[in-house]
Amino acid sequence: AQKVTQAQTEISVVEKEDVTLDCVYETRDTTYYLFWYKQPPSGELVFLIRRNSFDEQNEISGRYSWNFQKSTSSFNFTITASQVVDSAVYFCALRPRGRQLTFGSGTQLTVLP
Amino acid sequence: EAGVAQSPRYKIIEKRQSVAFWCNPISGHATLYWYQQILGQGPKLLIQFQNNGVVDDSQLPKDRFSAERLKGVDSTLKIQPAKLEDSAVYLCASSKGASGSLTDTQYFGPGTRLTVL
């Protein structure tokens, strides 16, 4: 069975601070994809990134960066110089080959002006 | 490109009533998913269609929930009769490729927030 753990339920930072959202996953499958989604107050889940299990290169996209470490089964997400518009619930998700997408319980990020 | 559309956005009903939700996926997307998201939790898959066939409905409470995807495009999810514990956001998602494709990314609609009183 697969599982995604987001231990941080809520995080609050002041604008322009950096913030890291943690994600730890469990799966017996060797081939899988990891995802991050953002859910703003409007409710729609917005796709941010997809990473496959064979590619451990970190990725940077603007103020966003992702650190995938297979050795620790972690796929952490960092927002640099946070902004108020980054306030949302962020979900990490795992999809092994042939299985369904499993979500973590989410981290509520609040960025204060 | 238009995203996934859902309606209604909000619905309030009393327990034992019935309710239906509608979803229109992104044009050309073969696979459609319905998720249930209870407050404070991540979405949980209810049912997955590829075109108009069911791929996975193992987590759908079939005694009260039903779903269909006629003509392989729009889909409806119905609850009859509703229970208090069905209060949640119902999210529809679609993806381009075949079900089970590892590379497929799911794109989500805005959801329908259901309150059962």
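Sequence lines set the chain letters: A, B, ... in the order given, protein chains first and strands last, and positions in each chain run from 1.
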- Message: For B:Lys62, I'd like to know if atom NZ has over 12 heavy atoms of other residues, nucleotides or ligands within 6.0 Å.
- Response: yes
- Query: Is the count of non-hydrogen atoms from other residues, nucleotides or ligands lying under 6.0 Å from B:Lys11 atom NZ greater than 12?
  - Reply: no
- Query: With only heavy atoms counted, which part of A:Gln6 is less than 4.5 Å from chain B, the side chain, the backbone, both or neither?
  - Reply: neither
- Can you spot which of A:Thr20, A:Asp18, A:Asn67 makes a side-chain hydrogen bond (donor to acceptor under 3.5 Å, both in side chains) with A:Thr78? A:Thr20
- Got a donor-acceptor contact below 3.5 angstrom from the B:Gln6 side chain to the B:Cys92 backbone? yes
- Donor-acceptor pair, A:Asn76 side chain versus A:Cys23 backbone, under 3.5 Å? yes
- Spell out the residues in residues 100-113 of chain A that have some non-hydrogen atom less than 4.5 Å away from a non-hydrogen atom of chain B, in order of number; otherwise answer 'none'. A:Gln100, A:Leu101, A:Phe103, A:Gly104, A:Ser105
Minimum side-chain heavy-atom gap [X]-[Y] below 4.5 Å:
X: A:Ile49; Y: A:Phe75; answer: yes
X: A:Asp86; Y: A:Arg63; answer: yes
X: A:Thr27; Y: A:Arg99; answer: no

- Message: Side chains of B:Thr105 and A:Tyr33 only: does a donor on one sit below 3.5 Å from an acceptor on the other?
- Response: no
- Note on the structure: The interface call for B:Gln106 against chain A, heavy-atom contacts under 4.5 Å, is both
- Under 4.5 Å, heavy atom to heavy atom: which of residues 107-117 of chain B reach chain A? Give them by number, or say none. B:Tyr107, B:Phe108, B:Gly109, B:Pro110
- Measuring from B:Leu32:CG to B:Asn52:CG, what's the distance to the nearest 0.5 Å? 11.5 Å
